[in-house]
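All residue numbers refer to positions in the sequence shown, counting from 1. What's counted below: heavy atoms across the whole structure, side chains too, no hydrogens, waters or symmetry copies. Not measured: the values here are computed from a predicted model.
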Amino acid sequence: MALSDKPSRQSLIPNFLYSSSSSTRTLPLKKMLQSPPTLDDVSSYPKSFVIPAPSEPSKKIEMYSPAFYAACTFGGILSCGLTHMAVTPLDLVKCNMQIDPAKYKSISSGFGVLLKEQGARGFFRGWVPTLLGYSAQGACKFGFYEFFKKYYSDIAGPEYAAKYKTLIYLAGSASAEVIADIALCPFEAVKVRVQTQPGFARGLSDGLPKFVRSEGTLGLYKGLVPLWGRQIPYTMMKFASFETIVEMLYKYAIPRPKDQCSKSLQLGVSFAGGYVAGVFCAIVSHPADNLVSFLNNAKGATVGDAVKKLGLWGLFTRGLPLRIVMIGTLTGAQWGIYDAFKVFVGLPTTGGPAPVAAELAKA
């Protein structure tokens, strides 16, 4: 029986072999697969032919699926770990200005003192605990933020989630940061001690055992409450203000809908929104940042000791200009890297004019 008498066999042939193109190069192949060729047919075929590549789009990551949360977690690792490591010199000067303002009087003089006493390599003292600690924090911060944002939106329902979306952002980011700081705290304790006490240790490998021998394992977490006091308001401001700023930029500053904007423009909006959000973050969280630096530097120190020595004005202002520059740049870069990774894996950038509830209701 001829092959043409059994058209159902076509289903056994991959779809991409039956191109919708009218090119003469693909027609002989289709004809050959449908019916037995004759010698005359073969002689009329072109010398070569090209099999078209599959035209079906690659499988995308489904929103709010396990793969989605895994992608957000990995994006958080990249965004926080790399950026915090890159600004280690600024963080080093800031911490020393907070601990010893008589010696580190300004940003420029602080860099001068470090260069004179520790050399150029000293600018990156503590980079390993910084990289590992903030990578762990970023994984939890961004991954759990996306999870809790969806979770709280589902509890509220589409109508209330859209109406009170800012509260959803605040609650989701605060919940995520509670977990993230537990992961960060041990690394932060070692980092501050390494950066502010020359000779204590070279880095994490020798600093962590030495810290544990001196103050015990629980000593690694003595700065957890002040860390929560610094990071939870910081993260609430970081996410809620970013989402609001990005929404306003797409609504008032950009003349076309987000889905019609190029990916480069969307990433530019992410960086701009992140930078402005970072300025607010620095101001809100700065008093607690001074407390964390003080407590992790001095053995047995308490919050009362810090307030007594620094004073209320010092808690709010010491090292603030440098931290505004550092956190603004840091937060802008974090959102840029995070959204760039999301775009890379086929996900949309964060934020925009569409209500979150409308997206979540479809999930």
Side-chain angles (χ1 to χ4, degrees), residues 71-95 98 123-146 173-196 201 203-205 207-208 211 220-221 223-224 226-239 242 271 274-275 277-278 281-282 284-286 288-293 295-296 319 322-341 350:
C72 294
T73 298
F74 190 76
I77 291 174
L78 295 177
S79 68
C80 291
L82 296 178
T83 52
H84 276 277
M85 184 187 70
V87 298
T88 296
L90 286 174
D91 187 43
L92 186 60
V93 172
K94 173 194 70 76
C95 287
Q98 293 170 333
F123 288 137
F124 281 90
R125 180 179 295 273
W127 73 269
V128 174
T130 298
L131 174 63
L132 297 181
Y134 283 95
S135 292
Q137 186 212 38
C140 298
K141 184 198 297 278
F142 282 92
F144 279 109
Y145 171 69
E146 299 287 0
S173 57
S175 300
E177 191 60 37
V178 169
I179 300 171
D181 288 343
I182 295 174
L184 169 65
C185 195
F187 297 97
E188 182 76 0
V190 176
K191 176 188 80 72
V192 171
R193 189 67 62 88
V194 169
Q195 289 181 335
T196 58
L204 181 65
S205 60
L208 179 60
F211 194 106
L220 293 169
Y221 287 93
L224 180 59
L227 188 62
W228 276 334
R230 180 187 80 183
Q231 290 297 130
I232 292 176
Y234 165 89
T235 302
M236 293 171 71
M237 180 66 72
K238 173 179 180 175
F239 283 88
F242 172 82
F271 177 80
Y275 194 97
C281 292
V284 167
S285 62
H286 193 65
D289 183 64
N290 273 319
L291 285 177
V292 170
S293 295
L295 292 176
N296 284 328
L322 177 58
R323 192 158 184 266
I324 286 177
V325 174
M326 185 182 79
I327 297 300
T329 305
L330 194 73
T331 308
Q334 285 177 355
W335 278 114
I337 293 172
Y338 179 66
D339 276 348
F341 181 77
T350 309

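- Put simply, the side chain of V194 does not reach to within 4.5 Å of the side chain of L204, judged on heavy atoms.
- Evaluation of the salt bridge (charged side-chain N to carboxylate O under 4.0 Å, His left out) rule for D91 yields K94, K191 as partners, not counting sequence neighbours.
- Using a 4.5 Å cut-off on side-chain heavy atoms (C-beta onward), Y338 and L78 make no contact.
- Here the SG-CD distance, from C72 to E146, works out to 4.0 Å after rounding to the nearest 0.5 Å.
- Residues K238 and E177 are not paired through a salt bridge, judged by the lack of any N-O separation under 4.0 Å between the basic side chain and the carboxylate.
- In this structure the side chain of Q195 reaches within 4.5 angstrom of the side chain of T88, judged on heavy atoms.
- Judged as a side-chain contact (heavy atoms from CB on, under 4.5 Å), and not counting sequence neighbours, the contacts of T83 are L330, A333, Q334, I337.
- With values rounded to the nearest 0.5 angstrom, R323 atom CZ is found 9.5 Å from C95 atom SG.
- Note that SG of C185 and CH2 of W228 are 8.5 Å apart. Values are rounded to the nearest 0.5 Å.
- A distance of 12.0 Å separates CD1 of I182 from CD of Q137, quoted to the nearest 0.5 Å.
- The distance from the OG1 atom of T329 to the OH atom of Y275 is 4.0 Å, given to the nearest 0.5 Å.
- Here the options are F74, W335, F242, the test is ring pair (Phe, Tyr, Trp, His ring centres under 6.0 Å), and the partner is F142; only W335 passes.
- Expressed to the nearest 0.5 Å, how far OG of S79 lies from NZ of K141 amounts to 8.5 Å.
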